[in-house]
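Each chain gets a letter, A, B and so on, in the order the sequences are listed, and its residues count up from 1.
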Amino acid sequence: MVAFGALAVAAPAAGQQTEQDLVRRLDGLVPQWEAAQAANANLRERLAREVGRRNGAVDTIRVGPLTMLVRPGRDAVARDVVGTVWRRDFTGWVDRSPALERTTFFFDWSADRKRFDDPDGLVRVIQGSSHDSRKTVEAAVRDAVGDVLQWDLTHSGLADWPDWRVYIASPTPRARLYREMVLSSSTAVRSCIAGDLPECVSATVLKVDAYPLDDWYSPTERLALGSAPYSPWHTTESNAPGCFRNDVTACDAALRTLLSPRDYLLARPRPSSMRGSLLWFALQEGGAHAWSHLLAGPGGGLQNTLESDRAAEIISYVAGEPLDVVITKWRRWVAEDRPVVDAGFGRILGVTLVWIVLLSALAMRSKRCRLG
Amino acid sequence: MYQPMLYLHWKQIKLVLIPFVIGSFGLPLLTIQGLGTNGGTTVVEPMTALLSAQSWLTMYPLLAAAVGITLALSAWNWDHQLDHVYSLSLPISRRQYAMMKMGAGAALALLPVAALWMGSLVAASVVTLPAGLHAYPNQLALRFLLGVMISYATAFAFAAGTIRTTVIVLSAVLLYFLGGAAAQSYLAVFIPFFQHHDLVGNTFNVLLTTGPFAVFTGSWVLIDV
C-alpha cells in the first residue's frame, strides 16, 4: 500500500519534471535554431550574389516550397512548369522537406539557353532547350525534386538499403514491375503478384524470420541459390555439400550455419524496385503528411532500416492504414496494369492493310507490253 | 481463269511450299520444347520458360518474310522466263491478270499460316506454363499472316515491274539511308537545322511505326506474361 501510494505521488511529479525538462531543453535550442536560420538566409544571399556574379542577373522566386533562380523575365514559365509538377506529383504527399528547404534550383527553358556556371554544385540546375518538349522538361523537374527529396533519407537507416528509397519521385512503371514480379526467381514474389497477400509481406521483406530463405524461395530455388557459381555466400561443395547433391534439408542446414541474417538479405527477392514501389504507394496513400510521417517514423525518429518487422510498421504508419490494407491495394494497383501483349496491334493491322492495298495497286499498274 | 492460275502456281511452288508448311507447324512446337507438357511434372521457372521461348522468337518473322517473298517471286517466275508471252495471249487485261495472280499466291500463303496457327494451338494446349505466363496462339498467327502478306505484296509489286524499276527504287532507298546520313552529318557543320533534326533517323522511325514493315517490329511471342 505504501509503495503504491509513493508511486502514485511520484509519477505525476516525475512526469511534470520530464515535461519541464523538455520545455527547458527546447527553449535552449531556440537560439541555435535562430542562428541556423540566419546562417541559412545568409548562405542563400551569398549564393545569389555568387550566382549573379558568374551568370549575370537572376531573380529569386518561390514556387510552392521550392526556391528557384530564374533569368529576368522568365519567372512566368518557371512558375507554370515547376508549379504544375509540384501540384501534380508532390503536393499530395510532401508537406515539409528539410532537403528541399535547403536547396536552391535554377530553372531555364528557352531557345537561347546559356550554360549555367556553378562549379561548386551549390545549385540544382534544370535546363531545357527549345527542342525539349514540355513533357521532357516536366520530367526533369520531377527527377530533380525527387533526387533532392532522397537527401532527406540520407541520414536515416533507409540510406543503407537503396531498395526502399529509389524511385521516390518516379516509381517503376506498373506494367514493367508486373512483368518483373511474374518473372521473379522467388516463389514468394510470384505468389504475391498472383494474389497471395501473406506472401507479399515476405516478398517485400517486411517480415524477416531467423531463416527467411524458406519464406522467399521454394526448395528447388534454394538449392539453385546454394549451388550457383555466382552465389554471394561463396558456398562450395565442401562447405554446403547438400546444395550440390540436391538434398534440401542438408542444404538448408548448411546455409543456416554459414550465413548471418545480413547474408540472407543479399539474396532478398528481386525485383528490388518492388519495395520502392510499395513505399511510393504508401506515401500516396498517406496523403499530405506522408513524407513527414516517413521522416519521423512511428514512435520516434527513423533509426532502423526498413529490413525488419519495423519496416511493416513504418509502411503502415506512412500510409495511415493497416499493413494488409496497404499491401492489398498496392498489389491490385500493380496488377491493374498487366502488360498487354497485343497492345497497338490494331494500329499495326490498319497500317499493314493500307500498305498491302497500296502495293497491290502498284502491282496492277504494270504495263501489258513491257519486256526487259 | 483464277483456278488454272492457282493450279499453275501450286504446281510450281509445291516442293518449296510443303517444307514451309511443315516448318510453320513445327516452329511453335519447337518453341515450347523443354517447358513440360500436361501430365508431366516438370514446370520450369517463368523466366527460364520465357527465355527459352524467346530464343525462337526471331524465327517467326524470318519465316513469314521467307514464305511471302518465295511465293511472290515464284508467281512471276514463268512470266519472266517466257517474256510475258503467255499473259499477252490471254483475253484479259494486264490488271486483271496481275490481280488473279496475286490472289492465287495469297491463297497459297494461307497454307503455312494455317499450319502455324494449328501448331500454335497444339503447342498452347499441351504445354504446362508456370503461373503468370500465358500462351497467345491466335495473336501470333494473326501477326504471322500479316507478316507473310506484307512481304508477299512488297515482293509481288517489285516482281510485277521491270528489273530496271526495281533497281531504281531499291537504289533510291539505299542512297537515301546511307548517303543521306553522311550528307546530314556534313551539312550539320554549316546549317544548324541539321544539328537538331535527324531527317534520316526520323524517316526510319516513321517507316518502322507506320511503314509497310511495322508488323515486324511488334512482339512476336507465343508465350508471355
Side-chain angles (χ1 to χ4, degrees), chain A residues 111 129-132 175-187 189-196 217-218 220-221 224 270-271 335 337-372, chain B residues 45-51 72 76 83-84 87-88 93-99 101-102 106 130-134 136 138-140 142-143 145-147 149-150 152-165 196-197 209-219 221 223-225:
Chain A
S129 72
S130 59
H131 304 292
D132 293 321
R176 200 169 92 199
L177 181 59
Y178 180 94
R179 174 180 288 277
E180 287 174 351
M181 288 180 74
V182 166
L183 299 177
S184 171
S185 60
S186 157
T187 295
V189 176
R190 297 198 301 271
S191 304
C192 169
I193 196 65
D196 188 339
Y217 298 104
S218 68
T220 318
E221 290 163 355
R270 300 286 192 275
D337 204 15
R338 180 184 150 193
V340 183
V341 167
D342 48 3
F345 188 71
R347 186 186 58 79
I348 286 178
L349 180 71
V351 165
T352 309
L353 288 177
V354 166
W355 275 102
I356 288 174
V357 170
L358 196 69
L359 289 163
S360 306
L362 283 174
M364 305 302 147
R365 283 193 73 249
S366 62
K367 296 283 191 310
R368 186 183 176 92
C369 304
R370 48 149 203 79
L371 301 175
Chain B
E45 272 187 21
M47 181 60 102
T48 313
L50 198 67
L51 288 177
W76 289 102
D83 286 338
H84 298 263
S87 60
L88 287 168
S93 68
R94 170 81 178 177
R95 189 177 61 80
Q96 282 175 310
Y97 178 74
M99 198 188 294
K101 192 180 270 294
M102 189 166 196
L133 292 189
H134 302 86
Y136 298 94
N138 298 332
Q139 285 90 332
L140 179 63
L142 191 54
R143 214 174 268 277
L145 170 69
L146 288 179
M149 288 304 173
I150 193 66
Y152 174 68
T154 309
F156 189 90
F158 277 118
T162 58
I163 292 172
R164 189 168 158 266
T165 311
H196 305 299
H197 296 89
T209 50
T210 56
F213 305 114
V215 67
F216 290 109
T217 61
S219 167
V221 288
I223 292 165
D224 204 347
V225 296

Output for pair (Thr154(B) OG1, Leu358(A) CG), nearest 0.5 Å, gives 10.0 Å
If one checks every heavy atom of Val182(A) against chain B at 4.5 Å, the contacting part turns out to be both
Under 4.5 Å to a heavy atom of chain B? For Leu349(A) that would be both
Contacts of Phe156(B) meeting ring pair (Phe, Tyr, Trp, His ring centres under 6.0 Å) (sequence neighbours excluded), chain-then-number -> Trp76(B), Tyr152(B)
Rounded to the nearest 0.5 angstrom, the CZ-CG distance for Phe158(B) and Leu362(A) is 9.0 Å
Bottom line for Ser191(A): the part with an atom under 4.5 Å from chain B's heavy atoms is neither
Note to self: Tell me whether Arg347(A) contacts the main-chain N or O of Thr209(B) through its side chain, where contact means a donor paired with an acceptor under 3.5 Å.
What the structure shows: yes
Between the CE atom in Met47(B) and the CZ atom in Arg270(A), the distance rounded to the nearest 0.5 Å is 12.5 Å
Looking only at heavy atoms, the pair that brings Arg179(A) and Leu50(B) closest together is NH1-CD2, 4.1 Å
Note: Ala98(B) and Ala363(A) closest approach over all heavy atoms is CB-O, 4.1 Å
Stepwise, does the side chain to side chain contact (heavy atoms under 4.5 Å, CB included) test hold for Met149(B) with Leu353(A)? CA-CA 9 Å; Met149(B) 288 304 173; Leu353(A) 288 177; over 6 Å; no
Applying salt bridge (Lys or Arg N to Asp or Glu O under 4.0 Å) to Arg190(A) and not counting sequence neighbours gives Glu221(A)
Got Val215(B) and Trp355(A) here, is their nearest side-chain heavy-atom distance under 4.5 Å? no
If one checks every heavy atom of Met102(B) against chain A at 4.5 Å, the contacting part turns out to be side chain
Most contact-rich option vs chain A, by heavy-atom pairs under 4.5 angstrom, among Ser219(B), Ala49(B), Gly211(B), Gly147(B), is Gly211(B)
One option among Thr48(B), Val221(B), Leu133(B), Leu142(B) has the most heavy-atom pairs under 4.5 Å with chain A, and it is Leu142(B)
In short, Val225(B) meets Pro339(A) closest at the heavy-atom pair CG2-CG, 3.7 Å
Between the CG atom in Leu145(B) and the OG1 atom in Thr352(A), the distance rounded to the nearest 0.5 Å is 10.0 Å
